[in-house]
Participant: 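My questions all concern the structure below.
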Amino acid sequence: MKYPKLRELKEAIISLFSKPYTTRFPAGDFKPFPGYRGKPIVDEDNCVGCETCANVCPSNAITFVDDSKTGIRTIYRDYGSCIFCGKCEEHCITGGGVKLSDEEFDLACFDRSTLIETQERELLICANCGAIITTKDHMRFIHEKLGPKAYSSIMNLNILNERLQMADDTDVKIQDGLKRKDMFSTLCPNCNRKVQIENLI
Ligand code: SF4
Ligand code: SF4
């Protein structure tokens, strides 16, 4: 028992004369070390609203609400529920939609609702059945990622048309059931299959 006590006494004397390891934060400034996992910061230019980060978020801090009437997806990021695990950054499909800050970390507040941030993205909706396909930005991202291979999909031809403005009146209403004439409309995979396969039988 004698030796451990002496060792502790030595540690206590060294600590008395050495610089404290702890910082004076919040009384003083604190500069986190590189790679510190602070607040997730969204990059609006690189986030396509794809929903992947919501699916991997272990604390359900990221949620989405799709409104097919307005055609808008609202993304809620509740930093009061965030555990700063970094999964959203790690799995972001664009590689830059969200990054954990190593500078912004002090989120203490009296009203947790002030910690909720929102984003909005325009939805891509099936012109036949009204199913939500994804966001327009997400589809554009897939289109750019695939390059020329994207044109094997009719959906991507629609996006190309939108970008190049080759035709103005592609928004033709689908009437009297799905026909082959409707194949260039924005269709979900189910309705696309009906046009492609069932109409051929
Ligand atoms: S995974 Fe990335 S691109 Fe998709 S919604 Fe999350 S931050 Fe945005
Ligand atoms: S850091 Fe983790 S808990 Fe926080 S929003 Fe991202 S995935 Fe969710």
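Whatever order the structure lists them in is the order used to number ligands and atoms, beginning at 1.
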Participant: Taking both backbone and side chain into account, is any N, O or S atom of Cys82 nearer than 2.8 Å to atom 2 (Fe) of ligand 2?
Facilitator: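 Cys82 does not place any N, O or S atom closer than 2.8 Å to atom 2 (Fe) of ligand 2.
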Participant: Could you tell me which residues satisfy ring pair (Phe, Tyr, Trp, His ring centres under 6.0 Å) with Tyr36, sequence neighbours excluded, listed by chain and number?
Facilitator: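 Scan of Tyr36 (ring pair (Phe, Tyr, Trp, His ring centres under 6.0 Å), adjacent residues dropped) gives Phe33, Phe105.
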Participant: Sorted by first residue and then second, give each ring-ring contact (aromatic ring centres under 6.0 Å, His included) pair with at least one member in residues 66-95; sequence neighbours left out.
Facilitator: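 Qualifying pairs, neighbours excluded: none.
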Participant: Other residues, nucleotides and ligands only: do more than 12 of their heavy atoms fall within 6.0 Å of NZ on Lys31?
Facilitator: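 Atom NZ in Lys31 is crowded, with more than 12 foreign heavy atoms closer than 6.0 Å.
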Participant: Under 4.0 Å between a Lys/Arg side-chain N and an Asp/Glu carboxylate O for Arg77 and Glu117?
Facilitator: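 Glu117 and Arg77: not salt-bridged.
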Participant: Should we say atom CD of Glu90 is surrounded by more than 12 heavy atoms from elsewhere, each under 6.0 Å from it?
Facilitator: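 Check passes, neighbour count above 12.
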Participant: Just jot down the ligand 2 atoms closer than 4.0 angstrom to any heavy atom of Ser59, in number order.
Facilitator: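 Result: 3 (S).
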Participant: Give the atoms of ligand 2, by number and element, whose distance to some non-hydrogen atom of Ile83 is under 4.0 Å.
Facilitator: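 Heavy-atom distances to Ile83 below 4.0 Å select 3 (S), 4 (Fe).
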Participant: Mind jotting down which residue pairs meet the ring-ring contact (aromatic ring centres under 6.0 Å, His included) criterion with at least one end in residues 106-134? Sequence neighbours excluded, please.
Facilitator: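 Passing the test, one end in residues 106-134: no pairs.
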Participant: Tell me which residues fall inside the under-4.0 Å heavy-atom shell around ligand 1.
Facilitator: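 The answer is Cys47, Val48, Gly49, Cys50, Glu51, Thr52, Cys53, Arg77, Cys92, Ile93, Gly97, Val98, counting any residue whose heavy atom sits under 4.0 Å from ligand 1.
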Participant: Under 4.0 Å from a heavy atom of Phe84: which atoms of ligand 2 are those, numbered in the order shown and with their elements?
Facilitator: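 The list of qualifying atoms is 1 (S), 4 (Fe).
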Participant: Could you tell me if Ser113 and Asp111 have a donor-acceptor pair between their side chains, going purely by distance under 3.5 Å?
Facilitator: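 Yes.
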Participant: Regarding Arg73 and Gln119, is there a side-chain donor-to-acceptor distance under 3.5 Å anywhere?
Facilitator: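 Distance-only check fails for Arg73 and Gln119.
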